[in-house]
Protein chains: 2
Amino acid sequence: MEPHATGTEVPHATPKSAQTRQRILDAAAEVLSRKGYAGTRLADVAAVAGVQAPAIYYYFGSRDALVEEVMWVGAHLVRLHVEEVLAALPEGAGPMDRLMVAVDAHLRFELQLSDYATASIRNAGHVPEQLRVRPAAEEALYSRLWRDLFVAAQQAGEVRADLDTSMFRLLLLGAMNWVVEWWNPRTRSLDELVATAQGMVRHGAGAR
Amino acid sequence: MEPHATGTEVPHATPKSAQTRQRILDAAAEVLSRKGYAGTRLADVAAVAGVQAPAIYYYFGSRDALVEEVMWVGAHLVRLHVEEVLAALPEGAGPMDRLMVAVDAHLRFELQLSDYATASIRNAGHVPEQLRVRPAAEEALYSRLWRDLFVAAQQAGEVRADLDTSMFRLLLLGAMNWVVEWWNPRTRSLDELVATAQGMVRHGAGAR
DNA sequence: CCATATTTCTAAATTCTATTAGAAACCGCC
DNA sequence: GGCGGTTTCTAATAGAATTTAGAAATATGG
């Protein structure tokens with residue numbers, strides 16, 4: 001044995017078979033993003049991961065521990081992704097350019113790249129309170145990232161001086177997060193969505 | 001007896017004591033808006049309504065029937081409210097004015113007036129499929145209302161001709177719906193929120 | 001190729017709620 | 001003040017899902 005008992009971290013250096021843990025976590029993210037917290041049964045997760053339900057308990061202490069991990073990873077990955085994309089920008093990029101890129105990165109990651117992001121977004125307000133503590137810390141960091149983007153743009157005069165950027169930012173993130181509730185890749189183009197969202201910021205918050 | 005058995009409608013003309021049904025429905029909306037579908041237990045609803053759990057079955061066929069009713073009422077009330085407010089506008093109001101008023105009405109109703117609206121919004125994507133059929137019809141009507149507002153504004157030249165209003169509308173409704181996830185009346189002013197959201201539309205979608 | 005630890009399974013127990021049965025309380029009315 | 005119907009309660013049932021127990025299987029290392 002020696003499963004999940006060592007606190008909140010994730011040991012399991014054993015490379016070969018502990019891919020199973022990852023498979024289970026991936027499966028949980030997938031099911032959670034599709035069915036939500038209420039609709040996610042351990043048996044479903046196990047089926048997707050290709051194991052029997054009790055096998056999950058070898059890697060996670062409980063259903064809720066598994067959910068919490070997915071939520072945290074989701075929040076974490078979104079932030080990392082957006083930070084990376086921003087870091088890759090050339091020095092010359094202005095504050096408004098950086099905002100546009102952040103919008104692009106957030107939407108594409110959430111819709112294409114990561115079940116974790118979708119799961120994290122959709123279920124943030126639906127999991128029991130106690131599961132929100134660790135993910136909330138990540139979300140706070142992400143929130144700060146966006147705050148800084150807006151503050152920089154406003155100070156540079158590229159966002160209207162009289163705009164309440166804090167409120168605008170919350171509205172914008174809401175608009176982008178809610179996309180998971182209606183998005184259908186078959187009927188809409190992701191490029192157009194990104195462009196429309198960017199326009200919402202450029203014109204909605206931009207100066208002039 | 002003679003409870004809920006008569007199909008999907010809601011008889012109970014008996015005025016006096018069938019306020020209980022309303023109390024239960026109100027309680028369900030309140031709990032549902034706060035705890036979500038997964039976290040809403042019949043016992044909680046009953047406690048808020050001031051009855052014992054089994055009493056609920058005198059008025060509703062099942063837990064899901066109760067939830068469905070709340071969801072439908074929520075979607076219905078939002079639409080009615082916005083329609084009423086729009087109808088009360090003077091003839092002279094332009095398409096952009098009408099959009100501004102709709103934003104105002106949607107946000108104020110959702111945040112101040114109705115647990116039903118909040119419950120309906122928060123749980124739309126989290127209740128089992130079968131419960132979404134009847135509410136979905138209401139939402140479709142509401143969606144059409146907004147589509148018409150944007151089409152009118154665009155035809156009048158008050159919204160940029162090149163804007164994808166369908167996508168912008170979905171983003172806007174998402175932004176407003178997501179507000180229930182972060183709104184705290186103690187730390188933020190509702191007037192400011194409304195003004196910021198209106199600005200998001202006026203500048204984000206408006207011509208010039 | 002055997003011994004040992006790791007991993008996963010089957011079967012069973014536990015728990016948590018919705019739901020039902022049936023008895024009591026309540027209410028208006030004669 | 002008793003009577004019939006309505007409404008609500010207490011107590012029991014049922015069912016589904018998480019979670020444990022403990023046995024098999026699988027891999028690992030000498």
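Lettering follows sequence order; numbering is per chain, from 1. Not measured: the values here are computed from a predicted model.
- Not counting sequence neighbours, B/Glu84 has no partner by the salt bridge (Lys or Arg N to Asp or Glu O under 4.0 Å) test.
- Aromatic ring centres of B/Tyr37 and B/His126: separated by at least 6.0 Å.
- Contacts classified as salt bridge (charged side-chain N to carboxylate O under 4.0 Å, His left out) and involving residues 28-56 of chain B (residues at least two apart or in different chains) are given here: B/Glu30-B/Arg34, B/Arg41-B/Asp44.
- Look at CD on B/Gln52: it is 19 Å from P on C/dA21, rounded to the nearest Å.
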Table of protein N/O atoms under 3.5 Å from nucleotides 16-21 of chain D N/O atoms:
unit_1, atom_1, unit_2, atom_2, d
D/dA17, OP1, A/Arg41, NH1, 2.8
D/dT18, OP1, A/Leu42, N, 2.7
D/dT18, OP2, A/Leu42, N, 3.3
D/dT19, OP2, A/Tyr57, OH, 2.4
D/dT19, OP2, A/Arg63, N, 2.7
D/dT19, O5', A/Tyr57, OH, 2.7

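- Atom P of nucleotide D/dT6 and atom OH of B/Tyr58 are separated by 6 Å, given to the nearest angstrom.
- Phosphate proximity of C/dT8 to A/Thr20: present, with a side-chain N or O under 4.0 Å from OP1 or OP2.
- Judged as a salt bridge (charged side-chain N to carboxylate O under 4.0 Å, His left out), the pairs with a partner in residues 184-194 of chain A (not counting sequence neighbours) are, in order, A/Arg108-A/Asp191.
- Across the protein-nucleic acid pair, A/Arg23 atom CZ and C/dT7 atom P stand 13 Å apart, rounded to whole Å.
- Residues satisfying the salt bridge (Lys or Arg N to Asp or Glu O under 4.0 Å) criterion with A/Arg79, sequence neighbours excluded, are A/Glu83, A/Glu138.
- Rounded to whole Å, the distance from CD1 on A/Ile56 to P on C/dC9 is 10 Å.
- Shown here are the salt bridge (Lys or Arg N to Asp or Glu O under 4.0 Å) partners of B/Asp164, two or more places apart in sequence or in another chain: there are none.
- At least one side-chain nitrogen or oxygen of A/Tyr59 sits closer than 4.0 Å to the OP1 or OP2 atom of C/dT8.
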